[in-house]
Amino acid sequence: MSHGSRDWKPEQARKSLRRLLPELEEEFAPQLEPLAFDWHRFKNRLQREWERLFSYLHELYGWQYDFHYTLERVLRSLIQSWLERPEALRRLDETREADPEWFQSQEMVGIVLYVDLFSDRLAKLKDHIPYFKKLGLTYLHLMPLFVSPHGENDGGYAVSDYRSINPDLGSIDDLEEVTTALRDEGISVVLDLVFNHTSDEHQWAMRAKAGDPDFMAFYFTFPDRELPDQFQRYLRDIFPEARAGSFIWNDELGRWVWTTFNSYQWDLNYANAEVFRAMAEEMLFLANRGVEVLRLDAVAFLWKRLGTDCENQPEAHTIIRAFNAMARIAAPALLFKSEAIVHPNEVIRYVHPDECQLSYNPLLMALLWEALATQDVRLLAHSMRTRYRLPAGCAWVNYLRCHDDIGWTFDDDDARSVGIDPRAHRRFLSQFYTGEFPGSYARGTKFQQNALTGDVRVAGTLSSLAGLENALERNDSELIERAVRRITLLMGIQVSIGGLPLLYAGDEYGMINDYTYLHDPRKVNDSRWVHRCKKRWEAKEDLADIDTIEWRFFRETSKLFKLRKQLPALYDGGMEVVDTGNPHLFAYLRSHAEQRLLVVANFSEATQTSDGRFMLPWVPEGEALDRLSGHRVALAEGLVLEHHRAVWLEV
């Protein structure tokens with residue numbers, strides 16, 4: 001065998017499996033014997049995926065003297081996890097393998113929520129299944145549930161134990177019961193895998209503080225500032241209002257620790273194969289609790305390399321692909337969702353069937369708000385025309401806002417191509433959505449303003465950013481109507497443009513900002529809590545009262561979700577931007593299974609027209625059924641749309 005040959009890895013992969021598997025089969029024989037048929041399926045998947053898993057692991061750890069030991073430990077983890085996988089989930093694996101693109105269905109609609117803010121405790125989520133069903137949900141993302149430090153914990157993203165639920169919320173048994181109950185109702189549960197870092201109270205960090213060299217190697221620690229200063233030269237500050245720099249001195253450890261985000265979140269060292277194996281086991285543990293999708297948090301920061309910004313390094317993709325291969329072997333029903341709030345060119349690189357099948361779409365989110373503020377869709381249309389397409393077998397998760405902030409992540413060259421100064425435009429958008437720009441209707445708050453660069457992100461609920469809070473305070477019916485139309489316009493695009501629509505809980509009934517966080521010492525320094533509002537179940541009668549704005553929003557949301565599910569054209573994420581000849585009108589074509597929909601949306605505060613010559617190539621007969629209103633629309637003389645109105649034309 002020549003190491004210079006490009007084909008040596010597949011043969012060595014097969015050879016390693018031939019050596020390792022018989023010994024482990026013998027060791028696990030008592031557990032495997034009654035599962036002979038399922039074990040045969042497992043081995044088929046193992047044979048199919050092992051070569052690429054071996055290749056990824058070799059790229060990461062092949063230079064280490066104990067690489068064979070790493071392979072043995074990883075294979076053992078796969079077998080052990082599969083043996084622990086409940087029977088019902090093995091059957092789900094079969095179902096998902098038979099329909100691997102199930103998540104592309106137009107039936108998929110989702111909501112994301114904090115359990116304590118929605119239902120107080122995890123077990124009580126089961127009581128709200130009728131609410132989820134009424135809304136039409138099939139995808140439920142539960143924000144971090146795990147044990148985390150008291151006080152500041154980054155909204156639960158500082159995890160102290162991946163196998164224990166925060167006791168204020170419930171237990172791991174509660175999680176299994178909830179995932180089972182929701183799965184029985186056709187609702188897939190999504191959780192976060194916070195795998196770039198742990199809290200400084202995690203047992204690994206505690207053992208590192210105690211001086212255990214094996215666990216000190218789980219993190220990046222330094223005796224002095226020599227290396228941290230060399231790294232820091234190229235790093236950006238994620239939370240510039242909180243602190244400067246990515247390293248913190250720890251008195252217990254007597255060393256500097258790498259903390260990209262907050263000082264209590266210690267970055268994991270994935271150059272250590274034991275870190276990879278340990279986190280892979282946590283991933284598979286959650287899959288065995290019935291979690292069907294894992295949101296991979298902060299994927300861009302996984303690998304560190306001196307002389308770079310330590311973001312989006314090639315090894316970050318290799319790590320995720322290795323996790324993907326392990327999931328395909330031991331829990332093939334599991335999907336990954338990428339969270340990479342970085343440049344659009346980098347976001348797309350995390351999306352692939354062998355990496356993350358799903359990805360948040362921060363570009364669409366940012367540019368929908370951009371088009372709403374400017375009443376001009378040129379940047380939105382240009383970017384969607386060139387940046388929306390994904391590899392086959394993948395889908396966007398489309399959101400209008402989330403638990404986090406809004407950053408203006410469009411490409412500078414895209415902006416320049418339509419005559420926009422990107423730096424000035426970002427400044428305008430931040431001023432507009434924090435209400436500082438004259439004439440703005442928005443009520444967002446600033447988040448993490450960088451005094452050096454002037455960069456600032458924005459926090460706020462969908463309704464407050466779109467003008468509803470301002471309109472309600474003024475008690476102005478016309479302003480309320482305009483705000484409602486803005487919101488329904490954005491939601492209509494979200495559910496129809498291609499991908500899986502994801503609302504933040506509360507937006508389905510028009511929730512506005514909650515400023516009580518300003519009186520909570522644990523939250524006052526994090527303005528994102530302005531949009532992390534508690535569900536007002538005591539006001540649920542509002543949703544049954546046709547005179548309330550809550551009822552109107554809930555009805556419109558349910559209607560959009562129901563309509564989406566009825567339209568085969570909205571399957572999958574294929575989308576083609578269509579020129580309307582009007583810079584205020586955004587249009588795109590969706591097609592599947594012999595159905596075609598032309599969606600046209602007016603982002604202007606005034607009535608707009610698209611000339612008939614732009615419409616007739618798509619609707620040669622001169623009229624089409626608008627699936628939103630149920631009425632036929634004449635197009636021969638052009639399309640006329642009132643402010644913030646849209647049509648879904650069946651063409």
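One is the number of the first residue; the rest follow in order along the sequence. Keep in mind that this is a model prediction, so the values were computed, not measured.
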Ring centroid separation Phe428 to His425 under 6.0 Å: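 For Phe428 and His425, the ring centres are under 6.0 Å apart.
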Using only heavy-atom distances, determine whether the side chains of [X] and [Y] contain a donor-acceptor pair under 3.5 Å.
| X | Y | result |
| --- | --- | --- |
| Glu508 | Thr557 | no |
| Tyr515 | Thr445 | no |
| His343 | Asp411 | yes |
| Gln608 | Asn582 | yes |
| Trp408 | Ser430 | yes |
| Glu650 | Gln595 | yes |
| Asp514 | Thr516 | yes |

Hey, could you give me the [atom1]/[atom2] distance between [X] and [Y], rounded to the nearest 0.5 Å?
| X | Y | atom1 | atom2 | value |
| --- | --- | --- | --- | --- |
| Leu597 | Ser591 | CG | OG | 9.0 Å |
| Ile341 | Arg457 | CD1 | CZ | 10.0 Å |
| Phe437 | Phe432 | CZ | CZ | 8.0 Å |
| Leu175 | Leu286 | CG | CG | 7.5 Å |
| Leu489 | His643 | CG | NE2 | 11.0 Å |
| Ile172 | Arg289 | CD1 | CZ | 6.5 Å |

More than 12 heavy atoms of other residues, nucleotides or ligands under 6.0 Å from [atom1] of [X]: yes or no?
| X | atom1 | answer |
| --- | --- | --- |
| Asp99 | CG | yes |
| Arg389 | CZ | no |
| Arg522 | CZ | no |
| Glu594 | CD | no |

Considering non-hydrogen atoms only, spot the tightest contact between [X] and [Y] and give its length.
| X | Y | result |
| --- | --- | --- |
| Cys533 | Leu117 | O-CB, 3.7 Å |
| Gly581 | Phe614 | CA-CZ, 3.5 Å |
| Asp414 | His382 | OD1-NE2, 3.4 Å |
| Leu89 | Gly290 | CD1-N, 3.7 Å |
| Arg596 | Trp618 | NH2-O, 3.8 Å |
| Val109 | Gly136 | CG2-O, 2.9 Å |

Close side-chain approach of [X] and [Y], heavy atoms under 4.5 Å:
| X | Y | value |
| --- | --- | --- |
| Asp184 | Thr180 | yes |
| Asp192 | Arg295 | yes |
| Val351 | Glu355 | no |
| Thr607 | Leu641 | no |
| Met511 | Phe553 | no |
| Phe554 | Ile549 | no |

Would you call the rings of [X] and [Y] parallel, tilted or perpendicular if under 30° counts as parallel and over 60° as perpendicular?
| X | Y | answer |
| --- | --- | --- |
| His141 | Tyr360 | parallel |
| Phe118 | Phe132 | parallel |
| Tyr157 | His403 | parallel |

Pairing of [X] and [Y] as salt bridge, 4.0 angstrom limit:
| X | Y | answer |
| --- | --- | --- |
| Asp120 | Lys534 | yes |
| Arg528 | Asp154 | yes |
| Glu292 | Arg96 | yes |
| Glu469 | Arg474 | no |
| Asp116 | Arg121 | no |
| Arg552 | Glu556 | no |

Check against side-chain contact (heavy atoms from CB on, under 4.5 Å), Trp648 and Val495: CA-CA 11 Å; Trp648 294 7; Val495 302; 3.6 Å; yes
Quick check against the 3.5 Å criterion: does [X] have a side-chain atom that pairs as donor or acceptor with the backbone of [Y]?
| X | Y | answer |
| --- | --- | --- |
| Gln104 | Cys394 | yes |
| His584 | Asp376 | no |
| Gln375 | Glu605 | yes |
| His592 | Ala569 | no |
| Asn153 | Gly155 | yes |
| Thr488 | Val484 | yes |
| Asp93 | Ala333 | yes |
| Arg564 | Glu107 | no |
| Asn602 | Glu642 | yes |
| Asp174 | Ser171 | yes |

Geometric cation-pi criterion Arg426 and Phe410, 6.0 Å radius, 45° cone: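 Yes, Arg426 and Phe410 form such a contact.
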Criterion side chain to side chain donor-acceptor pair (under 3.5 Å) on Arg443 and Asn470, from CA distance to verdict: CA-CA 7 Å; Arg443 288 291 181 86; Asn470 175 61; 3.3 Å; yes
Test side-chain contact (heavy atoms from CB on, under 4.5 Å) applied to Leu364 and Leu380, step by step: CA-CA 8 Å; Leu364 175 66; Leu380 171 65; 4.2 Å; yes
Val112 vs Leu503, side-chain contact (heavy atoms from CB on, under 4.5 Å): CA-CA, chis, key distance, verdict: CA-CA 6 Å; Val112 56; Leu503 284 180; over 6 Å; no
